[in-house]
Every structure is written in structure tokens, then in C-alpha cells.
Undergrad: 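Got a structure here, written out as C-alpha cells. Questions coming.
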Amino acid sequence: MLETKSIRKNIDLYSNGLLKRGLSDSKEKLNKIIHHDDNRKLYKAQLDKILTEYNQASKKIGEKIQSGKMEEAEIMKKKSQKLKILRKKTSEKLKNEEAIIYEILTNLPNVPDEIVPSGNNEDDNDIIFESKKNVNANKKLYPHWNLVKSFNLINFEKGNKITGAGFPVYIDKGAKLQRALINFFIDQAIKKGYQEIQPPILVNETSAFGTGQLPDKEGQMYKVENENLYMIPTAEVPITNLYRNEILNNSLLPIKNVAYTPCFRKEAGSWGSHVRGLNRLHQFDKVEIVQIQNKDNSSKTLDEMCDHVEHLIKLLKLPYRKILLCAGDLGFSASITYDFEVYAPGQKKWLECSSVSNFKTYQTNRMNIKIRTNKEKNLAHTLNGSALALPRIVAAILENNQENNEIKIPDILQPYTGFNKITR
RNA sequence: AGAGAGGUGGCCGAGUGGUCGAAGGCGCAUGCUUGGAAAGCAUGUAUACGAAGUAAUCCUUUGUAUCAAGGGUUCGAAUCCCUUCCUCUCUGCCA
């Protein structure tokens, strides 16, 4: 959520930023916020004045009653009763203004960082780096959905039977590979100073709102209706909300957490023939890194997190590219996002396997997470990134390392899997 | 899930209709003391939103709100009533 005070100060900065995302009426909306904030201040001042009068009257009535002057007290009571109506009216006006501001603010996305390129869709993204694909043109390479079937690693049909489409069943070495990757990713993060957390995978409404999934992505989350809980779409939600309503001392920074969780996404509307196999799922595993940092160091932290993700992909020896998302492709709450994609030669496609973002104060303003430095208090910056999401990494590993009758396991993973190749 | 007891500042804890944003203690901060420390003493110590002063989102003065959350009764609510949430104890169930 953007901050009204900052909007008032830098309206052009904000409106130009939102314009970059394609919100043509942003200036109008921002001006509307300021207008209603002016009203809010006015009514707040009025109400406070009324309340002051009211409180003083009540005190006097108490004194009269105690000194036995009942008649005078009765007269004053009647006066106060009249004030009560005015109090209610003004307080309603105030609440109304606050509600309008809140409504606009919660539906306004974050402002893109100045280095974010403008553009409407993925075609306008900046490819920062792209490694060689290392593909032998003479060899016949299969997409992973063929491989998982012929090597009996994942059974999609069984998943359909017991749950539905997008809920795969991992089998034998397929299942072991999942565990290996999770442990490998967590160990690597711990090496970099992240503290491991195992959070609940259901969260309440307040948490879903805090990180910006509500109201923007309501339709994308599975909801446990009668409990009013949401299945998490990413560990970002429970982890970041751990610090909701807290004032953190600057000396504790950066806070670095890593969590493995399953993730659940409805992916409504994005289902089709172009998403096969592991490319898009309703349930998948992900190791997520989250950092809370102050405003001065957050961009450095973003680079550090990107480096970590890049390092993981390199250790797995997968061809990859790093992409700076353009404003139009940016998530609702993010100010800047780098995507990492690995190459899957069997389907000749780049697959997104990580998204590393700086949300700056957008989430913390909703969640009320502050940092105290001496006497100063500021909203914290939050950052997170996948490190990494499993399914597309599995797809890339299988497709890149396939030989005629086996699939090689990357060296670094072998201590985790306990086997060095997958055979039929 | 049933029955009972509760939810007060960073923590503990007093407070059952007015003088309570809240005693007291602990903790923390600053100063005095000391060769240094401890002890002792003194002072300070919530958050949010307004108003005035100000270059300032610092600061000073001041107002308002907040005693789990929301609503109600009353001139006046931490205190009484209602709803919701949460915690603890016992019983039940269970990995």
C-alpha cells in the first residue's frame, strides 16, 4: 500500500511510476486520494474539537454530582446529549473519508523502481544475461512429460484420480529428487546466513492481505471456506507476516529467513494446452528466501539475493537467463523484479524458476513493520525470491541431462539423492 | 467438540462507572556517583492520527483515539451489556 504522506509530496513521481505500469488514470486517482485526505484532516480536526469539549463537560458533570449540585448537573447533561449527535455525524464523515482513501490505496499497485523499463508485457522485459544452451543438435531430446512417464518418475493420471489436474504424484526416484532438491536449496540458503523456518501453509485473511495477495489475487488462492483460511500461494505470505505489527531494531537487520513449503495456486484462466507436464501446477514445492532490510540497504540486498539464486542454478549446471521485468509485467506489490529462467531443450522453452523482488515499503505499510534506528522510525523494506521453485527445475534437469537410456543427476545433488543416474 | 477461568504498556501486575493513558515492580535509556564496574540516586521510557511552531516524516507545545477486536448502555466505560477472536484448565478425540 502506498503512503498518503509520500504521495502528497511526490505526486508526479508516483503518477509517472504508475503510468509506467499502464495505469492511465493514475494522476486522477492520486489527486482523489489527496482531496479525500484533505477532507479527512478537516473532519479529524473538527471531531477532536468536539470531543475535547465533550470530555471537559463530562468531567464537570462528575464534579457537580460529587459536590451535590444535582440540578446544575442535569442541565449540563442535556447539553452534552445534544453534542452527542454532532459527534456522531462528524465521526461518520471522518470514517467515510478514511474508507474512500483506503479503497483507492489498497487497489493501487506499487510504483516501479526507476531502473524498471517501461512496457506492457513480457516482450518489453530486459534480458540481463543469457548463458549458452549447450544443446547437441544431432541428439533427439524429449520433453520432460515424456521422460517422467518412461522413467516412471511422476504420474499425472493418478494425481487426476485422487485430486485433479495440476496435482502430480511423484514416484520413487522422482519423489527422492524432490526431497534432494528441497534439502539442497535449504542447505545452500543456510550457508548464506538464512534462518530456516517451517511455517503453517494455511493463513488467515489478515496475512493474505498483508503481503498483497488480497484483494488483488483473491481468485488465485484456494480458500478453506468455513474456516476463513487460505492455502498459501507462496511461503512469502506466512514468513513476511511473522513480523506484522512489529517495530524491529535496526541492529537486527537484515532479517534473513528461508522456508520450504508446498504452494497452492488456482491459476484460473491460465490453463491450456501450452502448459503441459510440470510447467504449471496447482500444487508445487518451493524454497523461498525472505529478507527484511532498511531502506538504505535494500537494493544491495536485492542484488545479493539474485546472486544467490544465480549461484544455485550454476551449481545445478543448467542453462539460464536473468531478466529484468518491465513495469507492465511486474507483480502488484513489487517495485522491481528479476526473473530467472532455465532452458528446457526437450520443449525448446525457457521456464521461469525464480522471481526475486524488492517490495520496498509497499507490504510493510500494510503490515505495519517498522525499523527503529536511534530515535528514527521508518517503514521496513521487504524482499523475497524463490530459491528455487522445484517443478521447472526438475523439468530442466530431466530435459538437459537425458542420455539414451538414462538421466544423469547433477554432481552437486548426488549426495542428496543417493544415486547418480535414473534408469528405466 | 463440551464445561469453566481469563485477555490491561516491552514484560509482570493493580485497578469493578468520573480525579485512569492507566498505581507498583521488572526491563531499558540518559545523567550523577566510581579508578572502572556493581549497588545506589535522579530523570525519562507505548502507538496512531490531528493542530500550532519549523526547511523537516526530526523536535517542541497541544488535542484526540487506543486496556484483544467490533458494537451498545451512560453526561462519563479498562470497569456494565452483546458479538467475534484468542489463551489457559478439565473432559472428549487424535498423529
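Chain letters run A, B, ... following the sequence lines, proteins first and then strands; every chain starts at 1. As a basis for the values below, the full set of heavy atoms in this structure was taken, side chains included, without hydrogen atoms, waters or symmetry mates.
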Undergrad: For A:E74, is there an ion pair with A:K79 - N to carboxylate O distance below 4.0 angstrom?
TA: no
Undergrad: Both distances below 3.5 Å, Watson-Crick or wobble geometry, any strand: find the nucleotide opposite B:G53.
TA: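 Answer to the pairing question: B:C59, which forms a Watson-Crick or G-U pair with B:G53.
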Undergrad: Look at the rings of A:F129 and A:Y320 and say which category their plane angle falls in: under 30° parallel, 30 to 60° tilted, over 60° perpendicular.
TA: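 A:F129 vs A:Y320 ring planes: tilted.
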Undergrad: How many whole angstroms separate atom CG of A:N368 from atom P of B:A46?
TA: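 So the two atoms are 17 Å apart, to the nearest Å.
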Undergrad: In whole angstrom, give me the gap between the P atoms of B:G10 and B:U47.
TA: 8 Å
Undergrad: Output the rounded distance in Å from CG (A:L229) to P (B:C85).
TA: 12 Å
Undergrad: In this structure, how many angstroms lie between the P atom of B:U64 and the CG atom of A:L47, rounded?
TA: 11 Å
Undergrad: Surrounding NZ of A:K192 (heavy atoms of other residues, nucleotides or ligands, distance under 6.0 Å), is the total greater than 12?
TA: yes
Undergrad: Is there a donor-acceptor pair under 3.5 Å between the side chain of A:R424 and the backbone N or O of A:E406?
TA: no
Undergrad: Looking at A:Y416, I'd like to know if the NZ or CZ of A:R179 sits under 6.0 Å from its six-membered ring centre while staying within 45 degrees of the ring's axis.
TA: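 Pair A:R179/A:Y416 does not count as cation-pi.
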Undergrad: Could you check whether the rings of A:F167 and A:H282 sit parallel, tilted or perpendicular, using 30° and 60° as the cut-offs?
TA: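 Plane angle between 30° and 60°, so tilted.
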Undergrad: Hey, can you pull the residues of residues 81-104 of chain A with a non-hydrogen atom under 4.0 angstrom from RNA chain B?
TA: A:Q81, A:K84, A:K95
Undergrad: Are A:R40 and A:D37 ion-paired here, with the side-chain N under 4.0 Å from a carboxylate O?
TA: yes
Undergrad: B:G63 C1' sits how many Å from A:Q46 CD, rounded?
TA: 15 Å
Undergrad: Pick the nucleotide of RNA chain B nearest each of A:A45 and A:Q66; which residue has the one closer to the 5' end?
TA: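 First, find each residue's nearest nucleotide; the 5'-ward one identifies A:Q66.
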Undergrad: Can you tell me if A:R40 touches the phosphate of B:G50, counting only side-chain N or O atoms and a distance under 4.0 Å to OP1 or OP2?
TA: yes
Undergrad: Checking the side chain of A:N155 only, and the main-chain atoms of A:K158 only, is there a donor and an acceptor separated by less than 3.5 Å?
TA: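 Side chain of A:N155 to backbone of A:K158, a donor-acceptor pair under 3.5 Å: yes, one is there.
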Undergrad: Can you see if the side chain of A:K370 gets near the phosphate of B:U47 - specifically, an N or O under 4.0 Å from OP1 or OP2?
TA: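 The answer is no; no side-chain N or O of A:K370 sits under 4.0 Å from OP1 or OP2.
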Undergrad: Is there a residue in residues 49-61 of chain A whose heavy atoms reach under 4.0 Å of RNA chain B, and which residues are they?
TA: A:L51, A:T52, A:Y54, A:N55, A:S58, A:I61
Undergrad: Tell me which nucleotide, if any, is Watson-Crick or G-U wobble paired with B:G24 when both distances must be under 3.5 Å.
TA: B:C12
Undergrad: Can you tell me the Watson-Crick or wobble partner of B:U64, both distances under 3.5 angstrom?
TA: B:A48
Undergrad: I'd like the P distance from B:A46 over to B:C58, given in whole Å.
TA: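 To the nearest whole Å, 16 Å.
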Undergrad: Measure from NZ or CZ of A:R321 to the centre of the six-membered ring of A:F340 and say whether it is under 6.0 Å with the direction within 45° of the ring axis.
TA: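 No, A:R321 does not sit over the ring of A:F340.
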Undergrad: Expressed as a whole number of Å, how far does the P atom of B:G18 sit from that of B:C80?
TA: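 12 Å, rounded to whole Å.
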Undergrad: Examine distances only and state if a side-chain atom of A:R21 and a backbone atom of A:N110 form a donor-acceptor pair shorter than 3.5 Å.
TA: yes
Undergrad: Using purine N1 to pyrimidine N3 plus N6-O4 or O6-N4 for Watson-Crick, or N1-O2 and O6-N3 for G-U wobble, each under 3.5 Å, what pairs with B:A1?
TA: B:U91
Undergrad: Atom CG of A:N378 to atom P of B:A48: distance rounded to whole Å?
TA: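 In whole Å, B:A48 P and A:N378 CG are 11 Å from each other.
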Undergrad: Both distances under 3.5 Å, Watson-Crick or G-U wobble: report the partner of B:U74, or none.
TA: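 Paired with no nucleotide.
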Undergrad: Using Watson-Crick or G-U wobble geometry with both distances under 3.5 Å, which nucleotide pairs with B:U79?
TA: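 Base partner found: none.
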Undergrad: At 4.0 Å (heavy atoms only), tell me whether A:K41 reaches a base, stays on the sugar-phosphate, or touches nothing.
TA: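 The residue A:K41 makes sugar-phosphate contact but no base contact.
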Undergrad: For A:M76 and for A:L42, locate the closest nucleotide of RNA chain B by heavy-atom distance; then report the residue assigned to the nucleotide nearer the 5' terminus.
TA: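 Nearest nucleotide further toward 5': that of A:L42.
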